Every structure is written in C-alpha cells, then in structure tokens.
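Remember, predicted model here, so these are calculated numbers, not experimental data. The chains referred to below are lettered A, B, ... by the order of the sequence lines, with proteins before strands, and numbering in each begins at 1.
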There are 2 protein chains.
Amino acid sequence: MVSDADPITTERVPLSKTRVLEAAMGLADRTGIETLTMRNLAQELGVEAMSLYYHVANKEALLDGLVDSLLAEIEHERGDFEVVQDQAGWLPTMRNLILTARTVMLRHPWAPRVIESRTTMTPTLLRYFNALLGIMIEGGFSNDLGHHAMHALGSRALGFNQELFEPDNTDQGDEEAEAMMADLGPQLPYLMGMLAEVVHDDPDTTLGWCDDQTEFEFGLDLLLTGLEARRASR
Amino acid sequence: MVSDADPITTERVPLSKTRVLEAAMGLADRTGIETLTMRNLAQELGVEAMSLYYHVANKEALLDGLVDSLLAEIEHERGDFEVVQDQAGWLPTMRNLILTARTVMLRHPWAPRVIESRTTMTPTLLRYFNALLGIMIEGGFSNDLGHHAMHALGSRALGFNQELFEPDNTDQGDEEAEAMMADLGPQLPYLMGMLAEVVHDDPDTTLGWCDDQTEFEFGLDLLLTGLEARRASR
DNA sequence: ACCTGAACACCGTTCAAGT
DNA sequence: ACCTGAACACCGTTCAAGT
C-alpha cells in the first residue's frame, strides 16, 4: 500500500500523455502490438482504462503518438534532421539517414504495421520527409524528380520494406507450408530451382522470409542508383 | 416467406466455401474491409454468424481465402500464369504481368491492407511468384539476382505500393492537415517548395496522396531498369 | 484537474443442441 | 451434413459521478 502522504513513491506520479506513450511503446515492444489494448495499457500503468481517455483522445490518437515517438527516436539517433550534405554527395547522405531510420525500426517490430495503418500526418514525420527531400534538392534534384523519388522509395524511405510473407514462427505453420510446397512443387519449377540454390545455405530461411539487411540494402541501392542516373541525365 | 417445398427459390441454395468467399469479397468491395465481420457477412448471406464456421475455420482463414480469390482473378485476367516470353525480352513481359495485377488490385481497395496482414502462403500466390521468377530466369537472370529482385520489388510485384499516408477523405482531416502545414511551414522549406511547384496543378492532391498510375510506373521502371543493368553486366 | 464504475454496442469463437 | 442459440471472453468508448 502506498501512503498518500508520501510523494517520493514513484507509483504516485500522475498520468500524462508522455507517460502513456512511453508505457504504450514498452508494452508493444515487449508483448506485441496485438496486446496493446486500452485495458492492458491501463493495467500496465496501474490505472483504470477510462483514465487514459483523459490524456489521449482515443486509440487512434494513441497510435499516432506512437509513430511520432518513433520518428523522434530516429531524429535523436541521427542528432537532428538538418540537411547537411556528405561531401561524397546526396546519395550516401540519404543512404545513411535511411539506414539510421532502419536501425530504429528494427528495435520496434510493430512499427511497419502501425505506420501503414495510419492516415494522419504528424509534425515529426513532415520534418523527416523534409530532410529527405532537402538532401535530394541540395544534391541537384528537380522538385519533380524529388517528388517521384519519395513515392518510389515508399516505406523504404522510413527504413523498412513491408515483407509480403513473414515467417510463421510456429513449427506448425512451417510444416504446413512445406507440405504445400511439396504438393505444388511440380507446378513451381522456377521457385523450386531458386530455393534449392539460394536458400540451402541458410537452414531457417524459407520462401518469403529473407528480409535481412542485405535484401533491404539491395533494393535501396537499386533505387538510389537509378535516381542518380536520372538526376545526372537531365 | 420461402416455401420449404420450393427448391427453385435461390434463397435456398446452401452455403459453401465459395459462396462465403464471394459474399465476403462483395461486402469488402462495397462497404470496406472494416465492415467485413463474421456477423455482417452472415447477415449478408441470410444466415447466423455461427454457420460460417462450418465452411471456414475462422476469420484468418476467410481472409486467406480472399487473397487467394484475388490472385485467381489476376490469373484469369492474364489468361494463365504460364511463362511465355514477350519477344522484346523479360522486362516488358514482367512489366505487363505486374500492371495486370495492378488493374485487379485497383478493383479491390482493401487488398493491400489484407495482403500485408497475412503471413500464410497460398497456392495461387506461389504460382504467381513462380511466374514472375520464371520470366526473369528465362530472361537470363541468375537465381540469386532473381531472388534479390523479388525482395526489391516487394508489394510492387503484386501491383500496389503501400502509400505511407493516404488522403483523409473527410474535409475535417484536410483542414487539420493544412493548418499543421501552415504552422510548420517555416521549418519545412524543401517540402513547401516542392508542393508549390509539383502539386499546384492538381487541386485535390495534397502531400502523401499522389499514388496514381504514373508514380507506380515510375517506381516500377526504376527497379526494372536497375535489374536489367545488373543482369546484363554479369 | 484528474480518475473511476457501470454500462453500451460491438467483436471472434466454443459448445451443446437442434433438424 | 448443415445450421443455430446461448454464452464466453474480449474490444473501444460514453457518460455521469466521484475526489
């Protein structure tokens, strides 16, 4: 029991929007986004679910706040979102910023799905996009090419690439998938051939799950070099 | 009231997995994926919610079925998933297949989000990927490059590019977004500059919403030409 | 100003029961 | 074989009420 007269006890610090967001982030990191419910979050904070609504409009706003916190973490990781060019040119500058974003994303597995579920712009995100665009513009891009580039990068601009099919962590799912592959094998000569050659040296990799750093950088560099070619040829 | 003795009445056709899937597809197309609940779907079919579980294991399986139906529609649109090369080479063949997938995706606005929520492979999807890969292999790709290419394309291989921020259709949202832009404007010189130049001729386009055919094809072609360069230089 | 209790209108799903 | 009723364990959220 906490004494009412003892303000030192940390249990007594009142709720606030930032405390709610920090707790939400921790809960999502620790036990997954699907367990982030208003009721669970309240319990985590030692409070009733309805108390949360005093600090956050609703669950949508909570998720928006989460995205904003994540972007703030990226900004902190880089120092700031100032547009300062690497002397090697726009490409490595942009590459570094995006890979920094990626390291932060990797700490928060729920991030891609949450980001893609949002439709609302947040201030921090606008500043992030402004930084990306600024790097390109200062590097000699037209506004038009910069605009196309942002679309072409898509979620990669934020450091992740939505994988179409992630691994089932259940052995159950793996076995089912393998059974299906065995059944369909004869109809899938190219896929079977590729798997035999490409995947055999990494035993826990199955089709649809190879999104390691290498694949991310391959796709990113494909886009960046393509953009550089178009910038230079105008 | 339907007479029990009248088997002609269409109301009497019993449920089946395909009828359930067709109804689910129609419901999602018409009123959005968020209204596709087991209870709503049952009502649509004139049946109790629990009856659905006789034909489909659970909601996850229903969504898997929806993705499979969508892929089947792509296959039907193209004729089949055979690997027959365009005489102009792998690139236009692949481009055409992906753009065909896109025309189907555009008929089903819920598709990107549902696909990205799935973790299970379906047979039709495997055959689709096999076709894409086959086009590349027959076009002179190594298995390794083909593998990288699949990852690099990501959701674009299926004809969509997850937009990071879609338009708020509510005027409310638009106004809020504009107010925020006005506030932050001074901090966002590059973004403001680009918007002024690029967006002004399309009045209902605001930042984060320009994913028309042009942007999709720009990104796709950036990747395809990049891949062609790597194929040719090995 | 901040938090809560009770209640509402939803979800997906189980299970025993009906025909 | 196919469908249903009642119930369970959840959701997010409102609203009047407490301190």
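Ring planes of B/His151 and B/His147: perpendicular class, angle over 60° (limits at 30 and 60°).
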### Summary
Writing each nucleotide of DNA chain C 5' to 3' as (, ), [, ], | or . by Watson-Crick or G-U pairing under 3.5 Å yields ||.|||||...|||||.||
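Look at CD on B/Glu34: it is 17 Å from C1' on C/dG12, rounded to the nearest Å. Atom NZ of B/Lys59 and atom C1' of D/dC11 are 13 Å apart (whole Å). A/Leu63 places its CG atom 10 Å from the P atom of D/dG12, with the value rounded to the nearest Å. Here C/dC10 presents its C1' atom at 15 Å from CG of B/Leu36, a figure rounded to the nearest Å. Distance A/Met38 CE to D/dC10 C1': 16 Å, rounded to the nearest Å. As a whole-Å value, the separation of B/Lys17 NZ from D/dA1 C1' is 18 Å. What separates CZ of A/Arg39 from C1' of C/dC8 is a distance of 11 Å, to the nearest Å.
Under a cutoff of 6.0 Å and an axis angle of 45°, A/Arg102 and A/Phe216 form a cation-pi pair.
Using a 4.0 Å cut-off between charged nitrogen and carboxylate oxygen, B/Arg113 and A/Glu116 do not count as a salt-bridge pair. Salt bridge A/Glu48/A/Arg39: absent, no basic N to carboxylate O contact under 4.0 Å. For the pair A/Arg107 and A/Glu77, the salt-bridge criterion is met [side-chain N within less than 4.0 Å of a carboxylate O].
For the residue pair B/Thr35 / B/Asn40, no side-chain donor-acceptor distance below 3.5 Å is found, with atom types taken as modelled. In this model, a donor atom of one side chain and an acceptor atom of the other lie less than 3.5 Å apart for A/Asp64 and A/Thr120.
Between A/Ala57 and A/Thr35, it is A/Thr35 whose nearest contact on DNA chain D lies nearer the 5' terminus.
Distance check, rounded to the nearest 0.5 Å: CD of A/Gln213 to OG1 of A/Thr103 gives 9.0 Å.
Within residues 44-56 of chain A, the residues that place at least one heavy atom under 4.0 Å from DNA chain C are, in residue-number order, A/Val47, A/Glu48, A/Met50, A/Ser51, A/Tyr54, A/His55.
No side-chain heavy atom of A/Arg78 sits less than 4.5 Å from a side-chain heavy atom of A/Glu73.
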